[in-house]
Each structure stands twice: as C-alpha cells, then as structure tokens.
J.: 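Can you keep this structure in mind? I'll have questions shortly.
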Amino acid sequence: MNLSIKHLFGLQGVPKDDITAILDTAFSFREVLERPVKKVPTLQGKTIVNLFFEPSTRTRISFELAEKRLSADTVNFSASTSSLSKGESLKDTIQNLFAMKMDVVVMRHSVPGAVKLLAQFVDAVIINAGDGTHEHPTQALLDMMSLKEKVGDLEDLNVAIIGDIRHSRVALSNIYGLKTMGANIMLCGPPTFIPYGVESLGVSVTYDLDEALVFADTVNVLRIQKERQDIGQIPSLREYRRLYGLTRERLNKLKKQITILHPGPINRQVEIDSEVADSEHSIILHQVLNGVAIRMAILYLLASGK
Ligand code: CP
C-alpha cells in the first residue's frame, strides 16, 4: 500500500484514499497490539529520531512505543538537555543529528511550519508531532480511527469541536481530516477562541454550547491552552465552565447519547467534568490506545519503502 504523500506535515490536502489507507493499516496494527508478543520486524534496520522541542506525554510515548513495536532503532532528543541550551542553532543541531544517518524524524516544535523547514535540511521522512498552533495530524488520525471504531462511517457524521479552537492544532487537523472524510463540523466556543473567517474551511460556528450539543453525534472537547494565551481571553475559568464546560447536567438535558473525545491533557472541572470524562460515553482512553496503532501505521507506510 503506497501513500501519495512522502512526509506527514499535516492533513491539509491529504487525499481521502491516503487517510483511508492509514486508518485501515492502523486497524491491522491494533490486532498486533492485542497479541501476547506485541512486536513485528517491519522496520528492522531503520533509525528514527524523536525531536521534541515542546513538552509531550501521550504523543512522545506513543511514537516511541510504536517505533519499538515495529522493531526500529530509536533515538530521543529533548531540547532542554541538548546543546541548543548552549546556543547551537536549530539548523546545526539537526544537521549534526542527520550526519548520523537517520531515516525518519518525528518532530514537535512550537513554531508553525517548523517541520517543512526541516525537510529543506535533511533527507529523511518527516512526521509532524504538533507544530505550534498549526497542525497535529497524528492526533486527528487517531481521533478519526476512534470515531470509526465507535460509530462506523464518518460520512455525514455531525462532529462538534468545542473550546479553545484558536490555539488548537488538534482542531485544525481534525477540520481538514474530517471534512475530507465527509463529516459535518460545528465549532463552538467563546468568540475570542474562534478564529476570524474559519467558516471558509466549510465549518459552521456557534457560541452556544447547547446548540452545538443538539447538532452533535459526537463532541471533541479541547483544553484551554493556558501556555499559549498572551492576554486574558476569557473572564475566568469558572465563567468558562459555566458557559462551555461539558457537565453531566448539560448532557442529561439531551434526548440522545453523544460520544465524547478529548485529546488530553484534560483540565478536569474546566472544559469537562470528571464524571463525563470517565463515563461510558467517553472514548478518551481508546484514543490513547489507537494513538499507538495510528503511529505504527504512519511509520510503516512512510518509512518501509525508504
Ligand atoms: N494530545 C497530545 O498531543 O498530548 P501530549 O501533548 O501529551 O502529547
């Protein structure tokens, strides 16, 4: 199975056939993850470097696990313990790393587009593990896999993405990916969290959470990104919870069940109550498991032929 893309910078412009191939391959790898011996020799002899310039728990561990499950050799790089802290430039750091013959680089960086810049310096497969407020394609792919597993077809599924859309790379990748797969998307949050002109991406917008919940078959709840807010964009977390928090009381008013996703990390009792995050309608921990399978699929499809 070949993809039309050579790198995974984001989901903007990635064709439906590629997304379908990635999801189908990930479902095959899910079966490997259920075996007593959870390892295949698929990427034996390949070397992968994980470059994380921003903190991560789920994405970093899940890429590392996926690489080990595929029998690749892996190297982990953390900006805080590297020579970057002695003033070395990003370009020099990366060129030195690649003089050591890496086949694949997985990179998280705070600057939107940093992954594309990297592709100009190195001859390796590049996978975006989150670039600033831009894209987080593997998160959107694992969200789509989890939804497919729960509800079946994504075509005409009504998905509400709720919260801090403006600062969220998860939102943008989900919009691109889900639109390509035929889903309908409504964004919901306070006006300060909704980017100007976002309707041009083919989504609808509401500032009213109850309206979004009436529309939705499923909701993807995003965290408030406290680290990316230079000025106060909401009056208080208490006010935010009152207007936009996914609470049991709000869901009880609906005459239907809604599937709940959250990419993590969760601000419990702010954007979502613990009782809802841990309920039977939440698939948050399935998302984490599927994250390993999705990353195995991407690594296999992009790296095995290189
Ligand atoms: N969902 C996600 O990207 O989580 P981490 O920041 O922990 O990787």
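This one's a predicted model, so the numbers in the text were calculated from it and none came from an experiment. Each ligand, and each atom within it, is numbered from 1 in the order the structure gives.
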J.: Given 3.5 Å as the limit, does a donor-acceptor pair link the side chain of K256 with the main chain of V214, or not?
T.: yes
J.: Does some non-hydrogen atom of G130 fall short of 4.0 Å from ligand 1?
T.: no
J.: Between D210 and R250, does at least one N-O distance fall below 4.0 Å, as a salt bridge requires?
T.: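 Yes.
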J.: Tell me which one of V49, L299, T47, L43 satisfies side-chain contact (heavy atoms from CB on, under 4.5 Å) with E67.
T.: L299
J.: Note the single closest protein heavy atom to atom 4 (O) of ligand 1, along with its residue, its atom name and the distance in Å.
T.: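 Ranking protein heavy atoms by distance from atom 4 (O) of ligand 1, first comes R58 NE, 3.1 Å.
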J.: Answer yes when R241 and D273 have at least one side-chain N-carboxylate O distance shorter than 4.0 Å, and no when they do not.
T.: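 Counted as a salt bridge, because a side-chain N and a carboxylate O are separated by less than 4.0 Å.
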J.: Establish, yes or no, whether a centroid distance under 6.0 Å links the rings of F193 and Y244.
T.: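 No - the distance between ring centres of F193 and Y244 does not fall below the 6.0 Å cut-off.
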J.: Check ligand 1 against T57 and write out every atom of the ligand that is under 4.0 Å from a heavy-atom position of the residue.
T.: 5 (P), 7 (O), 8 (O)
J.: Pick whichever of G291, P265, P263, A129 has a heavy atom sitting closest to atom 1 (N) of ligand 1.
T.: P263
J.: Which of the numbered atoms in ligand 1 are below 4.0 angstrom from a heavy atom of G264?
T.: 1 (N), 2 (C), 4 (O)
J.: Here's one to test your reading of the geometry: is the NZ or CZ of R295 within 45 degrees of the ring axis of F63 and under 6.0 Å from its centre?
T.: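 So R295 does make the cation-pi contact.
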J.: Looking only at heavy atoms of E54, does any of them come nearer than 4.0 Å to an atom of ligand 1?
T.: no
J.: Does the N or O separation between T59 and ligand 1 drop below 3.5 Å for any pair?
T.: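 Between T59 and ligand 1 (N or O atoms, distance only) the closest approach is under 3.5 Å.
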J.: What is the nearest protein non-hydrogen atom to atom 6 (O) of ligand 1, stated with its residue, atom name and distance?
T.: R108 NH1, 2.9 Å
